[in-house]
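Hydrogens, waters and symmetry mates are skipped; everything else that's a heavy atom, side chains included, is used. Residue numbering restarts at 1 for every chain, and letters A, B, ... go by the order of the sequence lines.
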Amino acid sequence: MKELPTTYQANTTEDRIYKLWAKSGFFNPDKLPGRRTKPFCILMPPPNANDPLHIGHAVFVTLQDIMVRYQRMRGKKTLWLPGEDHAGFETQVVYEKKLEKQGRSRFGMTREQFYSEVSEYTQANRKTVRAQLQKLGASCDWSRDTFTLDKHVIATVYATFKKLVEEGLVYRGERLVNYCTKHQTAFSDLEIQHETRKDPLYYIAYGPIQLATVRPETKFGDTAIAVHPADKRYKQYIGKEIEVETLLGKKKIKVVGDTMVDPEFGTGAVKVTPAHDANDFELWNKHKGEIPDPIRVIGKDGRLTDVAGPYAGLKVMEARARVVEDLKAKGLLVKTDENYEHALALCYKCKSVIEPQLLEQWFLKTRPLAKPAIKAVKEGTTAIIPKSYEKTYFHWLKNIKDWNISRQNWWGIEIPAWKCQDCEEWTVSEGKTPASCSQCHGKRLEQDPDVFDTWFSSGQWPFAVLKFPQGKDYKEFYPTSVMETAYDILFFWVARMMMLSLYRTGKVPFKTIYLHGLVRDKDRQKMSKSKGNVIDPLGVLEAYGTDALRLALTIGNSPGQDTVISEDKIRGYRNFVNKLWNIARFVLLETEGCKPPKKLSLQDRKLMGEAAAVAEAVTRDMELYRFSQAVERIYHYAWHTFADKILEDSKKVLKDEKLKAGRQYALLHILKIILALLHPFAPFVTEELYQKLPRAKKQSLLMIEKWPV
RNA sequence: GGGCACUUAGCUCAGGGGUAGAGCGUUUCCUCGACACGGAAAAGGCCGCAGGUUCAAAUCCUGCAGUGCCCACCA
């Protein structure tokens, strides 16, 4: 046989092996050999098509590929469906940053021009992402590769929207929403972050009542004062109007009693500014008719509106300083608590302060959808690994509020709703522009300029991508087997897929949810580009090979727990891959041209039995999703039992002509088991070695070999 | 204000009722025909603290202390 080099050459092997797999067609479940009746399906969480992959993606690619390769070897009909995400707002932000660097802005472009540029950009990124996934060894079915803006996906999203509207689960309403004045769009509750800040709390004289506020600049929008109904200090004023001195002169204002007010806080009296505070909005809603409608003080650009008189046009913080100064001059500022700590809502992307805004948006009533989603996990129809996340899942779904699914963005799926210019009613279609208004049959219709929250469409991924309701894949692979993703999108994505999939199909989208942790560097820091501590997956692959990276990402990684990766660790497993290479090299060298033994010695049988026991233990680990343990077990057996003990011992045994053939047989047998067990984790080196093994079928691949149970 | 997780070798982490494990690092020896990306050996741990259950606890339970994360409309 040909002399093999003493070190494994990952970079000249991997592409060749991947092509071999791809050529076989076995990534596609329909082309798998043998009778395969049991389906196994994973939908890849589509990576954002706005940037190359990072090491975090390598984690899920590895874990999912492990599951899929394992099940394929176990004889299942396996579908791993890849996709890429247009990632609406995220991509828009990325692209706007690019524009900024070029000295351009989307506000100097038409919407069509911007859309087509971003479209081109994401298509280019899709190619990069696909190439990277292949480099990582992903055995997914490229013939089913789906973009989140593909026709059938959008059609599904539109059908769902229409159904929701018809069934009264989606409604149009003017509500106080989280609004970022920098990005000029509303968000859902999940897209805002809370941060504890220290801000001055101002005590202001309001006629006979004092009140405390951190936002004196919104005073111009006060429509009432609220106190606790049982508060003796203020009882006399409840239901009455009091005259107060303000910066804009004298003003009459109503005092209402409501238990929402905490008499212990501040002075026990609150100004009610329904246009700019969620609590106040709720208060106004409860006391509608009794107190005037909300007055907008802050516009969408974050500047004060005309109702602020001389302060109009000022930005919030400028206005606050001026107002405080003037209140002081007028003797209306009683005192200031400089050390007041409170939670401030920030835009998760740019950290700008969220300005609640009164906007008309599409809202999804989530409670009716949450119920079945809770039930499915409670009853075990869908299991979450690790189990501790079930509690988190329940808590979120039990406390869920209506979901604002409108976004004031350009890049995304346009909302298929048209407003009649005559009667102001909305007509919703499944995508096509309606001929006339569904209410008054007027012809003057204008489409809502907003797009859907990306998560609204992503939430429909499982059944959209499998082509519900008539698709062959839907019938064969839904509900899917495992949803494997990071725990940080449990609410954003996983819970919403549960809700929307159950709503549309009546069935859960997946039987198991496996949540992995985030990747951190060796100092436990979260990896980020701005910190400069990211490990470039492609660079690592060049240096150490894909198998080494995959092993490093798998070993020591347990569900729900963050995982640490360092170059040292990757190098360590590169060494193991090389060890394996040399183990095989030794076995191949010592068994060249060997003949089948007449009988096996007791010792050889014992060794083979031990290997079978290892295979059994590994299988148990695999079934329980304990991948780290599984691969560590093989690692240990291959290195410290097979190499250190069995191969060393064989050096003597093989010199004995009577024992030689039996031992040769045993060594090949055990090596084959090791390669097969290790294949899901380190597919390239194992396949390459398997190809060098003497075997009956010339064309066969380790990828579809039977799992050694 | 709620919830969750973590605390194990110098570092980063697996494990999980019955002689403590991995990677990297450290020390000594070894160029012996699979492999120096290697081999042989070695040092290094009251498995956070305090109770409890048990024949037996690093492992289960309770409390405490630190750390991290998530949720939350405290003007």
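- Within the nucleic acid shown, A/F281 has no heavy atom closer than 4.0 Å to any nucleic acid atom.
- Nucleic acid contact class of A/Y573 (heavy atoms, under 4.0 Å, all strands): sugar-phosphate only.
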(request) Go through A/R496 and A/L190 one step at a time and tell me if the side-chain contact (heavy atoms from CB on, under 4.5 Å) criterion holds. (result) CA-CA 12 Å; A/R496 276 138 172 201; A/L190 281 180; 3.6 Å; yes
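- Closest to the side chain of A/H636, from the set B/C71, B/A22, B/A14, is B/A22.
- OP1 or OP2 of B/G23 has at least one side-chain nitrogen or oxygen of A/Y635 nearer than 4.0 Å.
- The nucleotide whose nearest atom lies closest to any side-chain atom of A/V564 is, among B/C13, B/C24, B/A14, B/C13.
- If you run salt bridge (charged side-chain N to carboxylate O under 4.0 Å, His left out) between A/K271 and each of A/D280, A/D277, A/D222, only A/D222 comes through.
- For the pair A/K401 and A/T392, both in contact range of RNA chain B, the more 5′-proximal nearest nucleotide belongs to A/T392.
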(request) If a protein heavy atom is under 4.0 Å from the base, mark B; if only from the sugar-phosphate, S; if neither, -; do that for nucleotides 33-40 of chain B going 5' to 3'. (result) -BB-BSSS
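- No engagement by A/R633 is indicated, since no non-hydrogen atom pair under 4.0 Å with the nucleic acid exists.
- The residue among A/G556 and A/Y487 whose nearest nucleotide of RNA chain B is located toward the 5' end is A/G556.
- When only modelled atom types and interatomic distance are considered, A/S650 and A/R663 share a side-chain donor-acceptor pair under 3.5 Å.
- Residues A/F187 and A/Y179 place their aromatic rings such that the two centres sit no closer than 6.0 Å.
- Taking the charged nitrogens against the carboxylate oxygens, A/E282 and A/K286 have no contact shorter than 4.0 Å, which rules out a salt bridge.
- Ion pairing between A/R233 and A/D231 holds under the 4.0 Å rule for side-chain N and carboxylate O.
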